[in-house]
**Q** 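Please find one structure pasted underneath; my questions will follow.
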Number of protein chains: 2
Amino acid sequence: MSQTNHRTVPRKPGRPKEGEDLRYVILDEAELAFAEHGFAGTRVRDIAMLAGVNQALIRYYFGSKQELFDEVLRRRGSDISGARHVQLDRLLALPDPPSVSQIIRAYLQPQWDMKQSGPNGAAFVRLQARLHAEPEAHALRLRSEVYDASVKRYIQVLSDALPEIPRETISMRMAFLVGTYLFMLNDLGRLNDLTDGQIGDIAQDEMLGQLVRFLAAGLAAPVS
Amino acid sequence: MSQTNHRTVPRKPGRPKEGEDLRYVILDEAELAFAEHGFAGTRVRDIAMLAGVNQALIRYYFGSKQELFDEVLRRRGSDISGARHVQLDRLLALPDPPSVSQIIRAYLQPQWDMKQSGPNGAAFVRLQARLHAEPEAHALRLRSEVYDASVKRYIQVLSDALPEIPRETISMRMAFLVGTYLFMLNDLGRLNDLTDGQIGDIAQDEMLGQLVRFLAAGLAAPVS
DNA sequence: GTTGTAATTATACAAAATTATAATTTATTC
DNA sequence: GAATAAATTATAATTTTGTATAATTACAAC
């Protein structure tokens, strides 16, 4: 019931028809599956079935389940990281120094856009939240590899915008921020259940604004 | 290397020696294992081995892996929920109406205490973070079952303390709050890596204060 | 057109893991 | 002290699952 069989008629072996990129079909389906069931909870078999592809093809392209997972993460992770840098560059190019809200929004916008971009983008966001809950060494390495650089740059810029707040405090609050938005992006659809349907009518776009306001206030809060 | 064999000499069958509560030993080890590897990533075998117990005994006590998992969650979940109610009652019994910071602290304190209480408490906190990242229907139900009631009560009290902020906004911000603290409690140990070791010297206790300040500012932020 | 190579499937293997059953020991009760 | 029931182990059966190999097809190049 859960797994939709996307392709019933089997493909014939041989050279692929121009444009049919099975490698990407696999990555897309893996993204959806990993987001829903996690790494250990996802079966390579299922990904293959969803992609309408033989199991062995996954091995052919990616080597192992773990490598497939890593590839799923890297593919979009580097996009996000890049977009964050671009957003920050754009902000710093303006004549006035950026406000805290602007910096935060610059950081969140890429994730937000990805989430809005369709089912796969949304799945990837959920996958990140999962990854952040995994204490395994491998997950940690992967997270660092993909995200650390941009976080550090944002901490620097925030420090400049909030000179009265010690840098360690900013670092910590930045960590809080990451937790908040990841959770929020992940849980947004289910937020209604948690709160008795009280926020069902708030538009998606307004929600980002609300989040930014919340985080900006927290980040700029006076120290003791 | 990862799995420590807690008991090498096998137990003999029969009635247990007074005081040796294998049921709890199993729950404790399951808690640690699930927190580290997640539900799907944990093998019943390993739990049995860590608890120094035969696999079949787990089945005997809990029926299935899933039921064991649920039991691990319920055991402490109800403690947390209860403690939150107690904290709130205590606060409301004071002559003055509670401040936002006080309310937040009341909400966080039980989790914080649990985390400090030892390896198993800390593991449980991590486990909750994991659960919040799982979109599966079963995980959702479990979360609702264990936590929803207390959250709703806190939303009410916060609404009273912040009459100028609409209730839907409070609800949403409460959801942000949950995300922030879960992530923080989960990631605290690794926070240093993320921020280049800049917050290594902050005492654990001070960290809770910092978190409360951050969240209180966010919750009380003026609306648009 | 034959040959070679890349992409894909069909099928098989082997390890791992959950579930199941039967046997064994100990305490308790009458 | 015999009987009964509970707790525990040993062992087995079955299902799942990741991995591996061999066979097949199609395209391209010479």
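Here is how names work: the chains are called A, B, and so on, in the same order as the sequence lines, proteins then strands, and each is numbered from 1.
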**Q** Among residues at least two apart in sequence or on other chains, which ones pass salt bridge (Lys or Arg N to Asp or Glu O under 4.0 Å) with B:R105?
**A**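 Scan of B:R105 (salt bridge (Lys or Arg N to Asp or Glu O under 4.0 Å), adjacent residues dropped) gives none.
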**Q** Starting at atom OH of A:Y24, determine the distance to atom P of C:dA7, rounded to an integer number of angstrom.
**A**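 Taking atom P of C:dA7 as the reference, OH of A:Y24 is at 13 Å.
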**Q** A:L22 CG to D:dA26 C1': how many Å, rounded?
**A**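 The answer, rounded to whole Å, is 14 Å.
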**Q** Which residue pairs pass the salt bridge (Lys or Arg N to Asp or Glu O under 4.0 Å) test when at least one of the two sits in residues 61-71 of chain A, sequence neighbours left out?
**A**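 Found none.
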**Q** Could you tell me which residues satisfy salt bridge (Lys or Arg N to Asp or Glu O under 4.0 Å) with B:R75, sequence neighbours excluded, listed by chain and number?
**A**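 Per chain and number, B:R75 pairs via salt bridge (Lys or Arg N to Asp or Glu O under 4.0 Å) with B:D28, B:E31.
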**Q** When you check every protein heavy atom under 4.0 Å of nucleotides 12-19 of chain C, what one-letter string (B, S, -) results, 5' to 3'?
**A** -----BBB
**Q** Please determine, by modelled atom types, if A:R84 and A:Q87 share a side-chain donor-acceptor pair under 3.5 angstrom.
**A**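 There is no such pair between these side chains.
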**Q** Rounding to an integer number of Å, can you tell me how far B:N54 CG sits from C:dA23 P?
**A**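 Going from CG in B:N54 over to P in C:dA23 covers 16 Å.
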**Q** To the nearest Å, how far apart are B:L57 CG and C:dT21 C1'?
**A**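 Distance check: B:L57 CG to C:dT21 C1' gives 15 Å.
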**Q** Can you check the B:Y60 OH to D:dA10 P distance for me, whole Å?
**A**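 To the nearest whole Å, that distance equals 17 Å.
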**Q** Tell me the interatomic distance from A:F62, atom CZ, to D:dT19, atom C1', rounded to whole angstroms.
**A**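 Taking atom C1' of D:dT19 as the reference, CZ of A:F62 is at 16 Å.
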**Q** With sequence neighbours left out, write down each residue that passes ring-ring contact (aromatic ring centres under 6.0 Å, His included) with A:Y181, or none if nothing qualifies.
**A**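 Checked A:Y181 against ring-ring contact (aromatic ring centres under 6.0 Å, His included); matches are A:Y107.
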**Q** Who pairs with B:D113 by side chain to side chain donor-acceptor pair (under 3.5 Å), at least two apart in sequence or on another chain?
**A**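 With sequence neighbours excluded, B:D113 shows a side chain to side chain donor-acceptor pair (under 3.5 Å) to B:Q109, given in chain and number order.
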**Q** Taking CZ from A:F69 and P from D:dG18, how many angstroms apart are they, rounded to a whole number?
**A**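 Distance, rounded to whole Å: 14 Å.
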**Q** In this structure, how many angstroms lie between the P atom of D:dA7 and the CG atom of B:D21, rounded?
**A**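 Interatomic distance, CG of B:D21 to P of D:dA7: 10 Å.
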